[in-house]
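Quick notes on the structure that follows.
Chain letters run A, B, ... following the sequence lines, proteins first, then strands; residues in each count from 1.
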Protein chains: 2
Amino acid sequence: MSLIVMKFGGSSVGTPERMQLVAQRIIERQQEGNEIVVVVSAMGDTTDDLIDQSKLLNPNPSAREMDMLLTVGEQISIALLAMTIEAAGGKAMSFTGWQAGMRTDAVHGKAKIADIQPQRVLDALKSGHIAVVAGFQGTSEAGEITTLGRGGSDTTAVALAAAVKADLCEIYTDVDGVYTTDPRVVKHARKLNEISYDEMLELAHLGAAVLHPRAVEYAKHNNVQLVVRSSFTKNEGTSVKEEAIMEQGVAVRGIAFEKNVARIKIMGVEDVPGVLANVFGALAENSIDVDIIVQSGTQNGKADFAFTVSSNDKDKALAVIEGMKEVVPYREAVSEGDLVKVSIVGAGMVSNPGVAAKMFSTISSLGVSINMVSTSEIKCSCVIAADKLNEVVVALHTAYGLDANEQAFVGGPAERR
Amino acid sequence: MSLIVMKFGGSSVGTPERMQLVAQRIIERQQEGNEIVVVVSAMGDTTDDLIDQSKLLNPNPSAREMDMLLTVGEQISIALLAMTIEAAGGKAMSFTGWQAGMRTDAVHGKAKIADIQPQRVLDALKSGHIAVVAGFQGTSEAGEITTLGRGGSDTTAVALAAAVKADLCEIYTDVDGVYTTDPRVVKHARKLNEISYDEMLELAHLGAAVLHPRAVEYAKHNNVQLVVRSSFTKNEGTSVKEEAIMEQGVAVRGIAFEKNVARIKIMGVEDVPGVLANVFGALAENSIDVDIIVQSGTQNGKADFAFTVSSNDKDKALAVIEGMKEVVPYREAVSEGDLVKVSIVGAGMVSNPGVAAKMFSTISSLGVSINMVSTSEIKCSCVIAADKLNEVVVALHTAYGLDANEQAFVGGPAERR
């Protein structure tokens, strides 16, 4: 007998028909001889409807009251799903975040899970019930109701799976797994059967829609075995675990990309200690996330360096840099938008020299310039012009032998919460 | 400085405009120098909408899951009301039932309050906040979410007022107080300035729409001073307390009536010990509420007796009686519908002989037969034909000097929860 956590997103329970399909799926999984804990998000548009209602009354409500309001979305889902399971002949008990023992810190709107005391969930399983737990929510030590913020329900599922020592955590969504790259860009993108936690994290920008990076980190840290699969088909999905078998002996698992990248170059910087700390400290204080940082060699005591930020932050970042000219003297700062970052990801890269070289040569053979490069043990990223994105991804996908024989993507709008 | 509990029903917060009016009202009350605890019901149609959603998925859900579902109605109200108070410049914190320490027994759908530990509500007041508490809900000792059933939010308000030692509990509703009788029947019905708990209880059928009898009992038991007043006007309302001053020296405070009364007569019953206990025990087992019971004298070891039930229970009651013929032998049982019960209520009756006599003579002078009579220290009830109700109530209202000079009723559909 296995203990399985099944997580369903909001669109999977968005209509009565889908709710009934999900209930059926859950009961089948129990009848296969498993103990079942279900984590569910708010249904379809519930959250947006609640936000709309609140805006009529207060355009800028406190985060505490917003959490009080929005957590009802999941409470409605769990009660209705438990009723639907009952109607289909199953035994179910629903639990809010606090009832399931989801203890968080006190940061409303983006709380972090502190610890979980799932005794009531375990008691429900012991008495033969399916335990249906509200995703996305918890309570602080003072008993304040909190929401988990980004990736909330995925994180609830993974954290609960770790707390109840589940054998498996299944993330049900509206696509049938993790793909070698975005099937909207590459028609021959292929569903992966397995992927490692680290690769999944690097593929975050591909995978964010089906699996939030924070949930992956939590799974890696607690060694929770994950499966990403479709709510609507019986396909096997993608297994995310510590050691994933590399298919076909290839070094690259998938190709990720990020749009809306801008580059800032600072030239002729006085090379004194603490320069980098000053610059990036100031950017962080202004809530600007910096991604790739490249420093070229020093000449005559002066250095050039460059970094990337989101296009949205380009002008703000430049203003911060210009405001620091007295503290960090430099000759010139320039910015450039309309860039993208393309990354190849694979745990096998570290033991396969030449994998990065193939990336550079493939891109060059298309006559595309590489503006910046950044590497880690399991990935290699290149910043290129935005209008070259699609042809580069398609060429890399073929070059690394990732193409499927036929298109296998079963799509739909991705779920976010 | 006074501590005031203000309770608002669902229709008082049913639209954004009304919600804003209520928030303004609350802030004004605080600015007068009071500490404020607010109890609020689910907005307008929220509860019905949730019930409709559940019926699509399970026509007969468990009471536990129904409580999980329906308690979100009040959680939405408290969050939105707290936000609205914030938007108007006030400081507010909302609390669900369990956060406010509303501990109940474990009977889902009709839980009774067990005890209240309102520490967090008191802490909120201490820090200058308006505490906004969800009506109608609590948690059992095992942490199960419960709803209070009939009169729920009124009872929450009164119980919380007792627990926080409030100076006053104001029940805001869509009428401006308790009337001498139903203004739809008697145009000259007059709003009462004061009424005692016992009188209010006897007037329950008049007052149920504005104040639930269970809340009145709780208030009497804990000596909580109540005021029933309008959400939409600044009129003074009706004060409900232990000793109410009788206006104008009259003995009768108001006239209540109950429609849909049926009478069952059992004739020629063997007069052996335990007969009454047998009959009314069997009725109670079948969930039939019996109101007035009259036994006439015994003749030749046989007795006649009669009792009233709701018209809805008439046939069921008769069937129960007929099923008992072997245990309780009798000659004949007959039933009669289309009756009503009219009651005069007043704490002054006990010291004013002749008050009941005036009732009988007033009814007789209209040529109306009195079928049954029942009296207590503060009321006298007569069962009469249903089609005579209005003229009898109008005549009694005049006879006891209750008529106002002009119509003062500010009405609207009454709130129930």
Side-chain angles (χ1 to χ4, degrees), chain A residues 13 15-20 22-23 42-43 46 49-50 53-62 64-88 91-96 98-101 119-120 123 129 132 134 139 142-145, chain B residues 13 15-20 22-23 42-43 46 49-50 53-62 64-88 91-96 98-101 119-120 123 129 132 134 139 142-145:
Chain A
V13 291
T15 65
E17 295 72 30
R18 287 183 166 200
M19 184 76 90
Q20 279 156 348
V22 163
M43 292 157 63
T46 311
D49 290 348
L50 290 168
Q53 271 192 288
S54 74
K55 278 188 183 151
L56 289 174
L57 296 164
N58 188 339
N60 191 25
S62 66
R64 179 191 190 276
E65 297 303 328
M66 209 62 194
D67 279 355
M68 290 292 281
L69 183 65
L70 294 186
T71 46
V72 306
E74 281 77 19
Q75 192 170 332
I76 293 171
S77 290
I78 56 170
L80 291 179
L81 183 53
M83 288 177 190
T84 309
I85 292 170
E86 285 175 354
K91 281 172 70 182
M93 287 179 87
S94 67
F95 297 97
T96 62
W98 65 268
Q99 290 181 318
Q119 198 49 52
R120 293 180 65 182
D123 290 346
H129 288 82
V132 182
T139 41
E144 294 284 82
I145 293 176
Chain B
V13 292
T15 65
E17 295 70 32
R18 286 183 168 198
M19 185 76 92
Q20 279 156 348
V22 163
M43 291 157 62
T46 311
D49 290 348
L50 290 169
Q53 272 191 285
S54 73
K55 278 189 184 152
L56 290 175
L57 296 164
N58 188 338
N60 191 25
S62 66
R64 178 190 190 275
E65 297 304 328
M66 208 62 195
D67 279 355
M68 290 292 281
L69 182 66
L70 294 185
T71 47
V72 308
E74 281 77 18
Q75 193 170 333
I76 294 171
S77 290
I78 57 172
L80 291 179
L81 183 54
M83 289 177 188
T84 310
I85 292 170
E86 285 175 352
K91 281 171 71 181
M93 287 179 88
S94 67
F95 297 97
T96 62
W98 65 268
Q99 289 181 320
Q119 197 50 52
R120 293 179 66 183
D123 289 346
H129 288 83
V132 182
T139 42
E144 294 283 82
I145 293 176

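- Evaluation of the side-chain contact (heavy atoms from CB on, under 4.5 Å) rule for B:A134 yields B:E74, B:I78, B:Q137 as partners, not counting sequence neighbours.
- Remark: side-chain polar atoms of A:Q20 are not paired, donor with acceptor, to backbone N or O of B:L57 under 3.5 angstrom.
- Neither the backbone nor the side chain of A:L81 comes within less than 4.5 Å of any heavy atom of chain B.
- A salt bridge links B:R120 with A:E144; the closest basic N to acidic carboxylate O contact falls under 4.0 Å.
- At least one donor-acceptor pair closer than 3.5 Å links the side chain of B:Q75 to the backbone N or O of A:M68.
- Annotation: maximal heavy-atom pairing with chain B below 4.5 Å, among A:M83, A:M19, A:M66, A:M93, occurs at A:M83.
- Proximity to chain A is absent for every atom of B:A23, based on heavy atoms less than 4.5 angstrom apart.
- Heavy atoms of A:A88 lying under 4.5 Å from chain B are absent altogether.
- In terms of modelled atom types and a separation under 3.5 Å, the side chain of A:E86 and the main chain of B:S62 share a donor-acceptor contact.
- Here B:I145 is the residue among B:D67, B:I145, B:T139 with the most heavy-atom pairs under 4.5 Å with chain A.
- Atom OG1 in A:T96 sits 7.5 Å away from atom CH2 in B:W98 (nearest 0.5 Å).
- For the set B:A87, B:P61, B:S94, B:G143, the entry with the most heavy-atom pairs within less than 4.5 Å of chain A is B:S94.
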| B:L69 vs A:I76, side chain to side chain contact (heavy atoms under 4.5 Å, CB included): CA-CA, chis, key distance, verdict | CA-CA 5 Å; B:L69 182 66; A:I76 293 171; 4.0 Å; yes
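- Remark: the backbone N or O of B:T84 is not paired with any side-chain donor or acceptor of A:N58 at under 3.5 angstrom.
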| said: The test is side chain to side chain contact (heavy atoms under 4.5 Å, CB included); show your working for B:E65 and A:L80 and say whether it passes. | reply: CA-CA 8 Å; B:E65 297 304 328; A:L80 291 179; over 6 Å; no
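- Judged as a side-chain contact (heavy atoms from CB on, under 4.5 Å), and not counting sequence neighbours, the contacts of B:R18 are B:S11, B:T15, B:F232.
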